[in-house]
Amino acid sequence: MSRTIAGKIKINSFADIVGGDDSAVTEVPLSDLHTFKDHPFRVLDDEKMEETVESIKERGVLMPGIVRPRIGGGYEIIAGHRRKRACELAGLKTMPVVIRKYTDEEAVVAMVDTNLQREEILPSEKARAYRMKYDAMKHQGSGGGNTLDEIGESAGDSGKTVQRYICLSNLTDTLLGYVDTKKLPIVSGVQLSYLKEKEQVWIEDIISETEIVVSSSQAEKIKGYSQSGELTKALLKEILTDEKPKPRKFVMKDDKISKFFSDDVTDEEIEETIIRLLEEWRKKK
């Protein structure tokens, strides 16, 4: 793909990616590019960003961003937030973009679909993104374009997977952060997403104090108490801090053992004999 400084050219291959017939690329000042409202994806100055900056310095921006006109001036970025940041770090003043006249719902769907193609996405990002796409498509009311399977199709996710992530979006920011850091398993997070916000804050406090990991069975139990209206913070703490049974340590006094074994018999031999006799006793029962 070639690009001129002049302003607009046609790139037939890019039209297939962004959709629509108009695939004109325009150089837009970085100061005119604004973050998408409630953009759920991170833009980090990490190692991958450094690689992108070096690539832009050497070869320029190979893939234009996608934007739409913004009320109040400038453009809202639909795809290209990381590229914009890389351009800033590379010392550029403009970035090539394709301008689309998307409705709010179309813009959300396009923003989510283009960003879900990235390799590394946190559960919180996916949860918020799928929630945004679900709400946008539901608002559109398109005939067959709002099933969970179709929502996840562009990212290769099943309808059940999409549903789980949408549930996760109902968690508090703190609990969703625990899902990202694996302090809270996704399966447990889905169960806890049905809790009231007050109840979720209780869990935040307990996890912060004890650093426990909520198991799926605990989460299911907590959800049941919440739905029946019986959940209290005290009961919650009891469920979450319920200690697992400690390993059994059985010790037999020497005076009782000595009745059956001579002094030259080792502890290992005594243990083997007792186990063998217990096995025989169990079989007879």
Side-chain angles (χ1 to χ4, degrees), residues 14 16-18 30 33-67 76-90 92 95-98 107-137 148-190 192-193 207 213-214 216:
F14 189 62
D16 296 332
I17 299 174
V18 299
L30 297 181
L33 299 177
H34 301 272
T35 301
F36 195 94
K37 183 182 178 182
D38 298 326
H39 187 250
F41 300 98
R42 300 168 300 160
V43 177
L44 302 176
D45 289 348
D46 53 12
E47 187 176 342
K48 287 195 173 182
M49 178 63 76
E50 291 177 8
E51 293 173 0
T52 304
V53 171
E54 290 305 313
S55 173
I56 287 176
K57 286 180 178 179
E58 293 177 12
R59 296 173 290 175
V61 180
L62 300 179
M63 181 68 73
I66 306 172
V67 302
E76 184 178 39
I77 303 172
I78 294 170
H81 292 81
R82 292 186 76 258
R83 272 164 282 174
K84 181 200 172 187
R85 176 58 178 160
C87 286
E88 290 173 344
L89 294 174
L92 301 184
M95 186 175 94
V97 298
V98 172
V108 167
V109 172
M111 182 274 295
V112 171
D113 284 349
T114 53
N115 281 281
L116 282 178
Q117 305 304 319
R118 287 160 44 190
E119 294 178 6
E120 297 179 6
I121 299 177
L122 290 174
S124 62
E125 295 177 296
K126 213 166 191 180
R128 292 178 178 124
Y130 273 142
R131 166 62 69 180
M132 290 178 71
K133 184 175 180 180
Y134 173 78
D135 290 342
M137 295 182 74
L148 294 174
D149 285 321
E150 288 170 325
I151 289 172
E153 185 177 2
S154 62
D157 285 334
S158 67
K160 286 185 177 180
T161 298
V162 171
Q163 188 172 35
R164 289 192 197 100
Y165 279 108
I166 290 176
C167 285
L168 287 178
S169 71
N170 294 322
L171 289 173
T172 62
D173 289 344
T174 299
L175 289 185
L176 198 49
Y178 285 155
V179 174
D180 286 341
T181 58
K182 296 182 170 46
K183 286 184 178 180
L184 181 65
I186 288 180
V187 176
S188 301
V190 171
L192 298 180
S193 69
I207 292 178
V213 176
V214 183
S216 58

S.K.: What residues, two or more places apart in sequence or in another chain, satisfy side chain to side chain donor-acceptor pair (under 3.5 Å) together with T35?
M.R.: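 Result, side chain to side chain donor-acceptor pair (under 3.5 Å) vs T35: none returned.
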
S.K.: I'd like to know if the side chain of Q163 reaches the main chain of L148, judged simply by a donor and an acceptor atom lying under 3.5 Å from each other, with no hydrogens or angles considered.
M.R.: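 No; judged by distance alone, with no hydrogens or angles, the pair does not exist.
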
S.K.: For residues H39 and N115, determine if any side-chain heavy atom of one lies less than 4.5 Å from a side-chain heavy atom of the other.
M.R.: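 Touching, per the 4.5 Å side-chain cut-off.
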
S.K.: Starting at CD1 of I56, measure out to SG of C87 and round the result to the nearest 0.5 Å.
M.R.: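 I56 CD1 to C87 SG: 4.0 Å, rounded to 0.5 Å.
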
S.K.: Run V187 and R164 through side chain to side chain contact (heavy atoms under 4.5 Å, CB included) and show every step you take.
M.R.: CA-CA 8 Å; V187 176; R164 289 192 197 100; over 6 Å; no

S.K.: Please find the pair of heavy atoms, one from A136 and one from V109, that lie closest to each other, and give the distance.
M.R.: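 For A136 versus V109, the nearest heavy atoms are CB-CG2, 4.4 Å.
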
S.K.: For V162 and G152, which heavy atoms make the closest approach, and how far apart are they?
M.R.: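 For V162 and G152, the tightest heavy-atom pair comes out as CG2-CA, 3.5 Å.
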
S.K.: Rounded to the nearest 0.5 Å, how far apart are CG of D45 and CZ of R85?
M.R.: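 Going from CG on D45 over to CZ on R85, the span is 4.0 Å.
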
S.K.: Can you find a pair of side-chain heavy atoms, one from M111 and one from I66, that are under 4.5 Å apart?
M.R.: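 SC-SC contact between M111 and I66 ruled out.
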
S.K.: Quick one: does E153's side chain get under 4.5 Å of D149's, heavy atoms only?
M.R.: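 No, their side chains stay 4.5 Å or more apart.
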
S.K.: Are the side chains of I207 and L175 in touch, meaning some heavy atoms are under 4.5 Å apart?
M.R.: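 When only atoms from C-beta onward are counted, L175 and I207 do touch, with a gap below 4.5 Å.
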
S.K.: Identify the two heavy atoms, one from I121 and one from K126, that lie closest to each other, and give their separation to 0.1 Å.
M.R.: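 Minimum heavy-atom separation between I121 and K126: CG2-N, 3.9 Å.
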
S.K.: In Å, rounded to the nearest 0.5 Å, how long is the span from CG of L192 to CG of N170?
M.R.: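 It comes to 12.0 Å.
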
S.K.: Return the minimal non-hydrogen interatomic distance between V190 and L168, and the atom names on each side.
M.R.: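 Of all heavy-atom pairs spanning V190 and L168, the closest is N-CD2, 3.6 Å.
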
S.K.: From R131 CZ over to C167 SG, what is the distance, rounded to the nearest 0.5 angstrom?
M.R.: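 So the gap between those two atoms works out to 8.0 Å.
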
S.K.: By the side chain to side chain donor-acceptor pair (under 3.5 Å) test, which pairs, at least two apart or in different chains, include something from residues 177-189?
M.R.: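 Listed by first then second residue: S124-D180.
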
S.K.: Identify the heavy atoms of S169 and A127 that sit nearest to each other, and give their distance.
M.R.: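 Of all heavy-atom pairs spanning S169 and A127, the closest is CB-O, 3.7 Å.
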
S.K.: Compare all side-chain heavy atoms of L44 with those of M49 and state whether any distance is below 4.5 angstrom.
M.R.: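 They are not in contact (no side-chain heavy atoms under 4.5 Å apart), so the answer is no.
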
S.K.: Under a 4.5 Å cut-off applied to non-hydrogen side-chain atoms, are F41 and R82 in contact?
M.R.: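 No, side chains not in contact.
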
S.K.: Is there side-chain contact between P185 and V213, with heavy atoms separated by less than 4.5 Å?
M.R.: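 They are in contact (side-chain heavy atoms under 4.5 Å apart), so the answer is yes.
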
S.K.: Side chains of Y130 and D157: do they bring a donor and an acceptor to under 3.5 Å?
M.R.: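 The answer is yes; a qualifying pair exists.
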
S.K.: Using modelled atom types and a 3.5 Å cut-off, is there a donor and acceptor pairing between side-chain atoms of K133 and backbone atoms of I151?
M.R.: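 Side chain of K133 to backbone of I151: a pair is present.
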
S.K.: Any idea which heavy atoms bring R59 and L62 closest together, and the distance?
M.R.: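 What the structure gives for the nearest pair is O-CD2, 3.8 Å.
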
S.K.: Whether the side chain of R83 engages the backbone of P64 through a donor-acceptor N/O pair (distance < 3.5 Å, no angle test) should be reported.
M.R.: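 Yes, R83 side chain to P64 backbone: donor-acceptor pair under 3.5 Å.
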
S.K.: In Å and rounded to the nearest 0.5 Å, what is the CD1 to OG1 distance from I186 to T161?
M.R.: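 One finds 9.5 Å between CD1 of I186 and OG1 of T161.
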
S.K.: Can you find a pair of side-chain heavy atoms, one from D173 and one from R128, that are under 4.5 Å apart?
M.R.: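 SC-SC contact between D173 and R128 confirmed.
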
S.K.: Salt bridge (Lys or Arg N to Asp or Glu O under 4.0 Å) between K37 and E76: does it pass, once the steps are laid out?
M.R.: CA-CA 8 Å; K37 183 182 178 182; E76 184 178 39; over 6 Å; no

S.K.: Looking at L30, is its backbone amide N or carbonyl O close enough to the side chain of E88 to form a donor-acceptor pair, meaning the two atoms are under 3.5 Å apart?
M.R.: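 No.
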
